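The next block holds one structure in the form of structure tokens; read it before the comments.
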Amino acid sequence: MSQARLTSCLPLPLDNKVLVNVIEKAKDWALMHGVGMRDKNHFTKDAIQIAPFVLLPSPFPRTEFAKAIELQPILNELMHKVAHDEEFLESTLQNALQVDEFTAKLYDVWVKVRSEGITQSLCLGLFRSDYLMQQPDRNRIKQVEFNTIASSFGAITSNLPAMFRYVLRQLGHGELIKHMPENRALSGLCSGIIEAYDLFGVPSAVVLFVVEEVSYNICDQRFHEFEISEKRPDIIIYRKTLNEIYDETQLNDKKQLILEGQPVAVVYYRSGYEPAQYPSTKEWDARLRVERSTAIKCPSIQYQLAGTKKVQQALAAPGVLEKFMGGGNSTGRVRDIFTGLYSLDFDDNGERAVEMALADADRFVLKPQREGGGNNLYGGDVRDALLRMRHSRERAAYILMERILPPLVSAYVVRPGAQVPPPLTDVVSELGIFGVIIGSKDKILCNKQVGHMLRTKLAEANEGGVAAGLGALDSPFLLDL
Ligand SMILES: Nc1ncnc2c1ncn2[C@@H]1O[C@H](COP(=O)(O)OP(=O)(O)OP(=O)(O)O)[C@@H](O)[C@H]1O
Ligand SMILES: [Mg+2]
């Protein structure tokens, strides 16, 4: 099917000289406001380079944007309930656990912690629900996935409306600024960490960010630290890898996680979501120690498990949303954002899904229980993988998802080291809405929507991870269609 197009905020192409000039300004704006990343090819802590961004904000239908924002607290609560339903998580994940070692290890941590008795009933979620517009369905949003761990780019993208305001003014189109919503994701996400810190209630306590060995996405992470430090000078933040946590923390007799002599109030994971981040048993031991402790975890292990693709697929099965949400209006609204999601378990339903995908592989995406991008299979690879796994239990580690077909937009993508001016290319945009939730099994203390991000990728690319170098940072330009 050919993909329809949304109109760009300005008639394109731009005049070449104007384009070169405004890109130079935009790059400097980006660099000087932390729209940046560390260079993967020539890593140094002394420099950042621009993060890939689009020169102009991409169009997004206003009503769909508003819908995504309204749904966020509803989705936060849904995922909170799912995470606290032990039976549901167990029955949903059981087949995947047999064949997916990583999810099984996370699950084991959760089982151990529960068997010892939960020391911290509160969880902190800094979530992001991602959407693509489904062009054949009047550009209505469909959920790509729900991220419960290390949901990134809230910080950098909070700066983007200001960058686009500057760019539009330089191009003589300040009148368009009113179509761009403000984005307060950074302050909203940080308010969640601060609120959790205060709920912990120990004045000398510290906050711990769990980070990768090398943080390329340093700006996004550091902005959280700067924001918290500005709002709450009393809160000390440490950045540690899981390996360092193994060496430098202890549990005391009250099960407090002690770092540099102080109890840790909040642990915010910006790492720990993929197998490569646990290269040895030390990292798993560190993870278990953190989960055993009284620190408020963001996310708790059960939030992380609730964020698996398998759970997303199970929620789309008949009657499941009703079980968690009742039969009201909100349930229908959530169901509307789901696209076809199918289990590949080793049973009749799974068999039917395999048949369906083999008959028309281009209509589907095959997803393992992974985060961080680059793990999904598309098109011919779906077919090959299903043919290979058809008679093996291994297939239960995957889910099958209908492929969403978003509308095209024309854009200039500005990348570090790339030719200027860049070609005008066809891109598609993915919206992420950030949510904050704090609560225990029986009580939700905070639940809100706090901001958004848009990332845009070349139309022919399957995935658009910005940190992976495939996507570009963006901000919505709201259209009244
Ligand atoms: N059903 C789909 N239809 C079209 N594109 C999809 C679909 N599912 C995923 N994608 C593309 O693949 C990307 C990665 O998919 P997904 O978000 O499920 O994986 P992930 O590894 O959890 O990524 P992330 O690092 O963003 O959390 C999405 O951002 C989107 O561009
Ligand atoms: Mg994800």
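Quick caveat: nothing in here was measured; it's all calculated off a predicted structure. Quick note: numbers below take in every heavy atom, side chains included, and nothing from hydrogens, waters or symmetry partners.
Looking at T294, its side chain never comes within 3.5 Å of a backbone N or O of Q120 through a donor-acceptor pair. In this structure, Y269 contributes its side chain and V211 its backbone to no donor-acceptor pair below 3.5 Å. Not a single donor-acceptor pair under 3.5 Å links the side chain of E227 to the backbone N or O of F223. For N76 (side chain) and K448 (main-chain N/O), a donor-acceptor pair under 3.5 Å exists by modelled atom type. The closest donor-acceptor contact from the side chain of S151 to the backbone of L126 lies under 3.5 Å. Between the side chain of T148 and the main chain of Y303, a donor-acceptor pair closer than 3.5 Å is present. A donor-acceptor pair under 3.5 Å links the side-chain atoms of E463 to the main chain of G374, judged by distance alone. Not a single donor-acceptor pair under 3.5 Å links the side chain of N447 to the backbone N or O of I437. The backbone N or O of T157 lies less than 3.5 Å from a partner atom in the side chain of N183, making a donor-acceptor pair. Within the 3.5 Å criterion, the main-chain N or O of L405 finds a donor-acceptor partner in the side chain of Q134.
With rounding to the nearest 0.5 angstrom, the CE atom of M401 is 5.5 Å from the OG1 atom of T339. The OG1 atom of T456 sits 9.0 Å away from the CD atom of E430 when rounded to the nearest 0.5 Å. One finds the NZ atom of K231 at 10.5 Å from the CD1 atom of I193 (value rounded to the nearest 0.5 Å). From F209, atom CZ reaches atom CD of Q221 across 8.0 Å, with rounding to the nearest 0.5 Å. To the nearest 0.5 Å, the span separating CG on L386 from CG on L400 amounts to 6.5 Å. Atom CG of L341 is separated from atom CD of Q313 by 6.5 Å, given to the nearest 0.5 angstrom.
L344 places a side-chain heavy atom less than 4.5 Å from the side chain of V354. Contact of the L75 side chain with the F127 side chain is not registered, since no non-hydrogen atoms from C-beta on lie closer than 4.5 Å.
Aromatic ring orientation, H179 versus F477: tilted (interplanar angle from 30° to 60°). Classification of the H80-H84 ring pair by plane angle, with boundaries at 30° and 60°, yields tilted.
By the 6.0 Å contact criterion, CD on E101 is open, its count of non-hydrogen atoms from other residues, nucleotides or ligands being 12 or less. E87 CD: 12 or fewer foreign heavy atoms inside a 6.0 Å radius. Within a 6.0 Å radius of CD in E230, other residues, nucleotides and ligands contribute 12 heavy atoms or fewer.
Remark: E225 engages R222 in a salt bridge, criterion side-chain N to carboxylate O under 4.0 Å. Salt bridge absent: E64 and R138 never bring a charged side-chain N and a carboxylate O closer than 4.0 Å. Remark: E394 engages R388 in a salt bridge, criterion side-chain N to carboxylate O under 4.0 Å. Between R287 and E283, none of the side-chain N atoms (NZ, or NE/NH1/NH2) sits under 4.0 Å from a carboxylate O, so this pair counts as no salt bridge. Salt bridge annotation for K67-D336: absent, with no cationic side-chain nitrogen under 4.0 angstrom from a carboxylate oxygen. Between E145 and K367, no side-chain nitrogen of the basic residue sits less than 4.0 Å from a carboxylate oxygen of the acidic one, so the salt-bridge criterion is not met.
The two residues D474 and S429 come nearest to each other via the heavy atoms OD2-OG, 3.9 Å. Of all non-hydrogen atoms in G350 and R395, the two that sit nearest each other are C-NH2, 3.5 Å. Taking each heavy atom of P59 and V409 in turn, the nearest pair found is CD-CG1, 3.5 Å. The two residues R335 and G319 make their nearest non-hydrogen contact at NH2-N, 4.2 Å. Residues A265 and A205 share a closest heavy-atom pair of CB-CB, 3.7 Å. Here the shortest heavy-atom pairing between V436 and G192 reads CG1-CA, 3.7 Å.
Judged by distance alone, the side chains of S152 and D220 never bring a donor and an acceptor atom under 3.5 Å apart. Looking at K310 and T103, their side chains never bring a donor and an acceptor atom within 3.5 Å of each other. Between the side chains of D130 and N147, a donor-acceptor pair is found at a separation under 3.5 Å. Between the side chains of S215 and R239, at least one donor N or O sits under 3.5 Å from an acceptor N or O.
Taking the six-membered ring for Trp, F88 and F324 have ring centres closer than 6.0 Å. Proximity of the aromatic rings of W284 and F102 is defined here by a centroid distance below 6.0 angstrom, and this criterion is met.
Residues passing the side-chain contact (heavy atoms from CB on, under 4.5 Å) test with I74, sequence neighbours excluded: L71, M325, S330, V334. Not counting sequence neighbours, N139 has no partner by the side-chain hydrogen bond (donor to acceptor under 3.5 Å, both in side chains) test.
The one candidate from K309, R270, R128 that meets the salt bridge (charged side-chain N to carboxylate O under 4.0 Å, His left out) condition with E371 is K309. H452 pairs in a ring-ring contact (aromatic ring centres under 6.0 Å, His included) with only one of the listed residues (F65, F60, F434), which is F65. Results of the salt bridge (charged side-chain N to carboxylate O under 4.0 Å, His left out) test with R114 over E86, E90, E291 single out E86 as the only residue that passes.
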Inset, instruction - Walk me through it: do E116 and K112 pass the test salt bridge (charged side-chain N to carboxylate O under 4.0 Å, His left out)? - result: CA-CA 6 Å; E116 288 178 10; K112 265 196 199 123; over 6 Å; no

Legend entry - Worked check of side-chain contact (heavy atoms from CB on, under 4.5 Å) between L93 and D100: CA-CA 10 Å; L93 292 173; D100 182 352; over 6 Å; no

